[in-house]
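One structure below.
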Amino acid sequence: MADNARAKKLADLIREVVAEKLQRGIKDPRLGTHVTITDTRVTGDLREATVFYTVYGDEEERASAAAGLESAKGILRSAVGRAAGTKFTPTLAFVADALPENAKTIENLLDRARASDAQVREASSGATFAGEADPYKKPGEDEAAE
């Protein structure tokens, strides 16, 4: 069993090698420049690596990029093996990262909250207090009233 520091170091190396190879070494038009490697995780035994990626574009481009990554898996694994110099090169699994969709959902929720706050602010702009402006008693007021 490898320690976590070694797995983290290998994950960082895999992320860098895969990103560099996608940018400069693979001529597949499905991958192009719109694929971004966001994160890499390696199991504790250093046998399997999960590479998270995002694709800038619509669903068709995402499916095309996923197919391109699957076809380039062997080339990318051999590049990782050359760079890592380990006894066993981890197998690569590519997973589409859900980060952009989550960010878009959060942004939509924040926009709705801002609109709701604006409505409340607008409704309360001309409102007056139901009672007195300051409903709290202050020290010394009871003595003055007697």
Side-chain angles (χ1 to χ4, degrees), residues 1-77 79-80 83-84 86 89-146:
M1 221 24 156
D3 62 325
N4 286 339
R6 186 170 179 200
K8 175 72 173 135
K9 191 183 275 189
L10 182 60
D12 290 342
L13 177 73
I14 291 171
R15 186 180 68 240
E16 291 173 13
V17 168
V18 169
E20 180 71 25
K21 193 73 172 170
L22 285 176
Q23 186 177 13
R24 295 205 174 104
I26 296 180
K27 303 298 181 201
D28 193 343
R30 296 176 291 185
L31 298 175
T33 59
H34 54 273
V35 176
T36 303
I37 304 300
T38 56
D39 192 19
T40 307
R41 296 191 184 139
V42 178
T43 58
D45 60 357
L46 306 179
R47 294 282 179 160
E48 298 173 8
T50 305
V51 180
F52 295 92
Y53 67 94
T54 60
V55 178
Y56 182 74
D58 58 358
E59 280 300 318
E60 182 180 323
E61 290 176 344
R62 288 183 189 127
S64 175
L69 286 171
E70 279 300 315
S71 69
K73 190 183 283 190
I75 296 169
L76 294 172
R77 185 174 180 214
V80 167
T86 58
T89 303
T91 58
L92 301 177
F94 292 97
V95 177
D97 200 354
L99 183 68
E101 289 82 17
N102 290 344
K104 188 174 184 177
T105 302
I106 290 172
E107 193 62 39
N108 289 340
L109 290 172
L110 288 173
D111 288 341
R112 285 194 348 215
R114 284 185 200 104
S116 176
D117 287 349
Q119 287 176 345
V120 168
R121 197 175 311 113
E122 185 179 315
S124 67
S125 64
T128 59
F129 294 105
E132 298 176 19
D134 188 11
Y136 300 104
K137 293 183 179 181
K138 298 188 177 34
E141 283 185 0
D142 290 339
E143 300 166 1
E146 292 178 7

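Because the structure is a prediction, the values reported are computed rather than measured.
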Taking all non-hydrogen atoms of both residues into account, name the closest pair between [X] and [Y] and its distance.
| X | Y | answer |
| --- | --- | --- |
| Tyr56 | Glu61 | O-OE1, 3.3 Å |
| Val55 | Ala65 | CG2-CB, 3.6 Å |
| Lys21 | Ile75 | CE-CG2, 3.8 Å |
| Ala72 | Ile26 | CB-CD1, 3.6 Å |

Rounded distance (nearest 0.5 Å) linking atom [atom1] of [X] with atom [atom2] of [Y]:
| X | Y | atom1 | atom2 | result |
| --- | --- | --- | --- | --- |
| Leu46 | Lys9 | CG | NZ | 12.0 Å |
| Tyr53 | Asp39 | OH | CG | 14.5 Å |
| Asp117 | Glu122 | CG | CD | 12.5 Å |
| Leu22 | Thr36 | CG | OG1 | 9.5 Å |

### Task
May I have the step-by-step check of salt bridge (Lys or Arg N to Asp or Glu O under 4.0 Å) for Glu107 and Lys104, ending in yes or no?
CA-CA 5 Å; Glu107 193 62 39; Lys104 188 174 184 177; over 6 Å; no
### Message
Tell me whether Thr38 contacts the main-chain N or O of Phe52 through its side chain, where contact means a donor paired with an acceptor under 3.5 Å.
### Response
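The answer is yes, because a donor-acceptor pair under 3.5 Å joins these two groups.
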### Task
Name all residues meeting the side-chain hydrogen bond (donor to acceptor under 3.5 Å, both in side chains) criterion together with Glu59; count only those two or more places apart in sequence or in a different chain, and write none if there are none.
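Once residues adjacent in sequence are excluded, the partners of Glu59 under the side-chain hydrogen bond (donor to acceptor under 3.5 Å, both in side chains) criterion are Arg62.
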### Query
Any side-chain heavy atom of Leu76 within less than 4.5 Å of one from Val80?
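Not touching, per the 4.5 Å side-chain cut-off.
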What pairs of donor and acceptor atoms, side-chain ones from residues 12-20 against any protein atom, are under 3.5 angstrom apart with sequence neighbours left out?
unit_1	atom_1	unit_2	atom_2	d
Asp12	OD1	Lys8	NZ	3.3
Asp12	OD1	Arg15	NH1	3.3
Glu20	OE1	Arg24	NH1	3.4
Glu20	OE2	Arg24	NH1	2.4

